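If you're wondering where the values come from, they're calculated on a predicted model, not measured in any experiment.
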Amino acid sequence: MSQTVDRALSILPLLAEGPADLGQVADRLGVHKSTALRLLRTLHQHGLVYRQSDQRYRLGARLFALAQEAMDNLDIREIAHPHLVRLNEQCGHTVHLAVHEENEVLYIDKVESRYPVRMYSRIGRPVAITVAAVAKLLLADLPEPERRALAQKLDYPLYTARSTPNAAAFLRELEKARHQGWATDLGGHEESINCVAAPVRGADGRVVAAMSVSAPNVVVTADELLTLLPLVRRTADAISGEYSGRTPVEESV
């Protein structure tokens with residue numbers, strides 16, 4: 001049974017390359033045409049493949065519907081939370097997860113630091129969009145025309161001397177984040193708080209969320225916080241892998 005399932009599922013990546021006839025499917029699977037036909041008929045009955053008028057097979061509409069339904073039901077917060085907790089346990093600092101919705105970047109999860117100093121950030125509240133490291137990563141992934149249009153519409157409050165002062169500087173920050181694949185806020189929102197962030201990507205490579213580690217400089221310096229960048233990026237990559245389905249989650253038996 002497992003071999004049959006394996007063979008049937010192997011047909012789907014083949015048809016993702018384009019329509020194929022019975023002979024091509026049989027050759028790719030290394031089976032007789034009669035075996036390939038039984039597999040195709042079963043997939044066709046479930047709407048996963050479709051037989052065209054030229055007798056070639058392509059992926060069926062049901063497969064796309066299932067994929068969209070699965071994407072719609074993915075909860076990035078639920079997937080990311082255990083990883084955020086683990087990162088917090090390793091470094092002790094505040095960990096955030098944020099997403100871009102409408103015209104705002106919002107925190108959707110937070111794991112508090114283990115020391116008495118607390119950050120004012122709250123789940124559900126928007127971030128300081130022109131300075132926050134998570135915002136830079138989320139907005140840097142927008143198409144260039146959208147980035148430029150957004151930059152022109154934003155206000156640029158000078159929270160500190162290190163705040164982003166104008167649209168030109170903001171676009172440079174976004175380009176830097178896009179190029180290097182990570183971002184920082186080193187005293188741009190609060191002089192005493194530093195932050196380093198990494199992107200979480202979906203199956204298509206687009207940024208779907210961003211996560212960060214933040215700490216006051218009375219606990220660690222900016223340079224010391226930056227030494228955590230490899231750990232932050234590994235955590236973001238692990239979340240990306242699980243969210244996109246590239247990394248299988250181990251099942252408990």
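Within 6.0 Å of the CZ atom in Arg162, the count of heavy atoms belonging to other residues, nucleotides or ligands does not exceed 12. Other residues, nucleotides and ligands contribute at most 12 non-hydrogen atoms within 6.0 Å of the CZ atom of Arg51. Residue-environment remark: CG (Asp204) exceeds the threshold of 12 foreign heavy atoms within 6.0 Å. The 12-atom threshold is exceeded at OH of Tyr156, counting heavy atoms of other residues, nucleotides or ligands nearer than 6.0 Å.
Taken together through direct or relayed side-chain contacts under 4.5 Å among Ile, Leu, Val, Met, Phe, Trp and Tyr, Val95 and Leu231 form part of one hydrophobic cluster. Linking ILVMFWY residues whenever their side-chain heavy atoms come closer than 4.5 Å, directly or via other members, places Leu97 and Ile79 in the same cluster.
In this structure, Arg233 and Trp182 approach most closely via the heavy-atom pair NH1-CD1, 3.5 Å. Closest non-hydrogen pair, Leu15 versus Ala20, comes out as CD2-CB, 3.8 Å. Residues Ala133 and Thr184 share a closest heavy-atom pair of CB-C, 3.7 Å. Minimum heavy-atom separation, Ala16 to Leu59: CA-CD1, 3.8 Å. Shown here for Pro199 and Ser240, the closest heavy-atom pair between the two residues is O-OG, 4.0 Å. When all heavy atoms of Ile129 and Ala135 are compared, the pair lying nearest together is O-CB, 3.4 Å.
Val105 is not listed as a side-chain neighbour of Val99, based on a closest heavy-atom distance of 4.5 Å or more. Here the side chains of Leu150 and Leu154 are in contact, with some heavy-atom distance below 4.5 Å. Taking the side chain as every heavy atom from C-beta outward, Arg172 and Glu175 never approach each other to under 4.5 Å. Side-chain contact between Thr94 and Val111: absent, with no pair of heavy atoms (C-beta onward) separated by less than 4.5 Å. Contact check for Leu84 versus Met211: side-chain heavy atoms found under the 4.5 Å cut-off. Taking the side chain as every heavy atom from C-beta outward, Tyr57 and Leu43 never approach each other to under 4.5 Å.
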Q.
Could you walk me through whether Asp185 and Asn194 satisfy the side chain to side chain contact (heavy atoms under 4.5 Å, CB included) test, starting with their C-alpha distance in whole Å, then the side-chain angles of each, then the deciding distance to 0.1 Å, before giving a yes or no?
A. CA-CA 6 Å; Asp185 169 15; Asn194 297 308; over 6 Å; no

**Q.** Residue pair Thr164, Leu158: steps toward the side chain to side chain contact (heavy atoms under 4.5 Å, CB included) verdict
**A.** CA-CA 7 Å; Thr164 308; Leu158 296 177; over 6 Å; no

Q: Begin with the C-alpha distance, continue with both residues' side-chain angles, and end with the deciding distance and a verdict on side chain to side chain contact (heavy atoms under 4.5 Å, CB included) for Thr35 and Arg7.
A: CA-CA 10 Å; Thr35 301; Arg7 284 173 172 170; 4.2 Å; yes

Q.
Quick one, Ile193 with Asn217, criterion side chain to side chain contact (heavy atoms under 4.5 Å, CB included). Give me CA distance, side-chain angles, the key distance, then yes/no.
A. CA-CA 6 Å; Ile193 302 293; Asn217 53 27; over 6 Å; no

Q) Should Lys110 and Glu112 be marked as a salt bridge (Lys or Arg N to Asp or Glu O under 4.0 Å) after you check the CA-CA gap, both sets of side-chain angles, and the distance that decides it? A) CA-CA 6 Å; Lys110 178 182 181 181; Glu112 291 279 9; 3.3 Å; yes

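A salt bridge links Arg28 with Glu17: the distance from a Lys NZ or Arg NE/NH1/NH2 to an Asp or Glu carboxylate oxygen falls below 4.0 Å. Note on Asp109 versus Arg77: salt bridge recorded, some NZ/NE/NH1/NH2 to OD/OE distance being below 4.0 Å. The existence of a salt bridge linking Arg114 and Glu89 is excluded, since no basic side-chain nitrogen approaches an acidic carboxylate oxygen closer than 4.0 Å.
With sequence neighbours excluded, the residues forming a side chain to side chain contact (heavy atoms under 4.5 Å, CB included) with Glu191 are Thr160, listed by chain and number. Annotation: side chain to side chain contact (heavy atoms under 4.5 Å, CB included) contacts of Gln45 (sequence neighbours excluded): none.
A donor-acceptor contact shorter than 3.5 Å links the side chain of Asp141 to the backbone of Val207. Side-chain atoms of His46 do not come within 3.5 Å of backbone N or O of Leu48 as any donor-acceptor pair.
Between the side chains of Tyr115 and His93, at least one donor N or O lies within less than 3.5 Å of an accepting N or O.
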